[in-house]
Amino acid sequence: MAIPSYAGSARLFFALWPSAALAGQLAAWARHAQPYCGGRIMRADTLHITLAFLGPASPARTRQLIDYTRQSRIAPGEIRIARYGSFKRPRIIWAGPEGRHEALAALHEQIWRDIAPLGWIQEEPDFTPHVTLLRKASGFEPPDPPGALDWPYAHFCLMASEPGGQSRYRELARSR
C-alpha cells in the first residue's frame with residue numbers, strides 16, 4: 001500500500017472498525033441521543049473505537065506502523081455497547097461498554113508496549129473505549145440507550161485522518 005501524500009500532516013490512530021450494519025445501528029443511537037443532547041451527529045462511516053491515538057507521523061514512521069500492524073495478531077472478541085457517556089470538556093456524547101472492558105484495555109496496553117521501541121510515547125494514560133456519536137453537544141444527560149449492541153471484532157486497523165474540515169479516514173493497514 002502506498003503511503004498517502006498527506007502522511008506528514010495526517011493524524012494516525014489504531015482503531016476497531018464496525019461492520020456497515022453495526023455502524024448503522026450506532027448511527028441510530030446517535031439520532032436517539034441528539035434531541036436530548038444537541039450537537040452534530042457523526043457520519044456512520046466515521047464511527048469507530050480508538051485504541052491508540054498517535055498523531056502525525058513522517059512517511060518513514062508511517063511505514064513502520066504499517067509493518068507493525070500487518071504483523072500483529074489479536075484474539076477475536078466481542079464488545080457489548082450498552083451505555084451512553086459524555087466527555088464534557090470536548091462536548092462529546094459517546095456509546096461504550098459498561099465498565100472496564102478487560103480485553104480492550106489489554107489490547108490498548110499491548111499496542112503501546114509494542115510501538116514504544118519505535119519511539120511512540122503514550123500521552124493519555126486513561127483509556128475509555130468509546131464510539132463518538134455527537135460532537136459539540138449542548139447537554140450531557142442522554143436518554144437510556146435503545147438496547148445493547150454486540151460488536152464482534154477480529155482485527156484492528158491503522159487509520160489516517162485526512163487533513164481538512166470533515167472527518168475522513170483511510171485504512172492504511174489491518175492486523176491479522
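What you see below is based on every heavy atom in this structure, not just the backbone, and it leaves out hydrogens, waters and symmetry mates.
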Between the main-chain N or O of [Y] and the side-chain N or O of [X], is there a donor-acceptor pair closer than 3.5 Å?
| X | Y | answer |
| --- | --- | --- |
| Arg91 | Ala137 | yes |
| Arg83 | Ala95 | no |
| Arg40 | Leu134 | no |
| His101 | Glu78 | yes |

What are the two closest non-hydrogen atoms of [X] and [Y], and how far apart are they?
| X | Y | answer |
| --- | --- | --- |
| Met159 | Ala15 | CG-CB, 4.4 Å |
| Gly139 | Ile93 | O-CD1, 3.6 Å |
| Ser175 | Ser72 | CB-O, 3.5 Å |
| Gly38 | Ser138 | CA-OG, 3.9 Å |

*Report the relative orientation of the aromatic rings in Tyr84 and Trp29; use parallel for angles under 30°, tilted for 30 to 60°, perpendicular for over 60°.*
tilted

Review point. Taking the six-membered ring for Trp, are His108 and Trp112 parallel (under 30°), tilted (30 to 60°) or perpendicular (over 60°)?
Key: perpendicular

Tell me whether Arg113 at atom CZ has more than 12 heavy atoms from other residues, nucleotides or ligands lying less than 6.0 Å away.
yes

Review point. Is the count of non-hydrogen atoms from other residues, nucleotides or ligands lying under 6.0 Å from Glu102 atom CD greater than 12?
Key: yes

Going only through I, L, V, M, F, W and Y residues with side-chain contacts under 4.5 Å, is there a path from [X] to [Y]?
| X | Y | answer |
| --- | --- | --- |
| Tyr36 | Val131 | no |
| Met42 | Ile81 | yes |
| Tyr169 | Phe53 | yes |
| Leu118 | Phe14 | yes |
| Ile49 | Trp94 | no |

Between atom [atom1] of [X] and atom [atom2] of [Y], what is the distance when rounded to the nearest 0.5 Å?
| X | Y | atom1 | atom2 | result |
| --- | --- | --- | --- | --- |
| Cys37 | Ile92 | SG | CD1 | 12.5 Å |
| Leu158 | Ile111 | CG | CD1 | 9.5 Å |
| Thr69 | Gln64 | OG1 | CD | 11.5 Å |
| Leu47 | Gln25 | CG | CD | 11.5 Å |

Pairs under 3.5 angstrom only: tabulate donor-acceptor contacts from the side chains of residues 140-155 to other protein residues two or more places apart or in another chain.
unit_1	atom_1	unit_2	atom_2	d
Asp150	OD1	Arg80	NE	2.7
Asp150	OD1	Arg80	NH2	3.1
Asp150	OD2	Arg80	NH2	2.8
His155	NE2	Arg174	NE	3.4
His155	NE2	Arg174	NH1	3.4

Could you check Leu16 against Phe156 for side chain to side chain contact (heavy atoms under 4.5 Å, CB included), going step by step and ending with a plain yes or no? CA-CA 5 Å; Leu16 296 180; Phe156 65 88; 4.0 Å; yes

Do the non-hydrogen side-chain atoms of [X] and [Y] ever get within less than 4.5 Å of each other?
| X | Y | value |
| --- | --- | --- |
| Ile115 | Leu54 | yes |
| Trp120 | Leu65 | yes |
| Leu104 | Phe127 | yes |

Check the pair Gln110, Asp114 against side-chain hydrogen bond (donor to acceptor under 3.5 Å, both in side chains), reporting the backbone distance first and the verdict last. CA-CA 6 Å; Gln110 183 64 51; Asp114 290 349; 2.5 Å; yes

Glu98 meets the salt bridge (charged side-chain N to carboxylate O under 4.0 Å, His left out) criterion, sequence neighbours left out, with none

Hits for side-chain hydrogen bond (donor to acceptor under 3.5 Å, both in side chains) against His48, two or more places apart or cross-chain, chain-then-number order -> Thr50

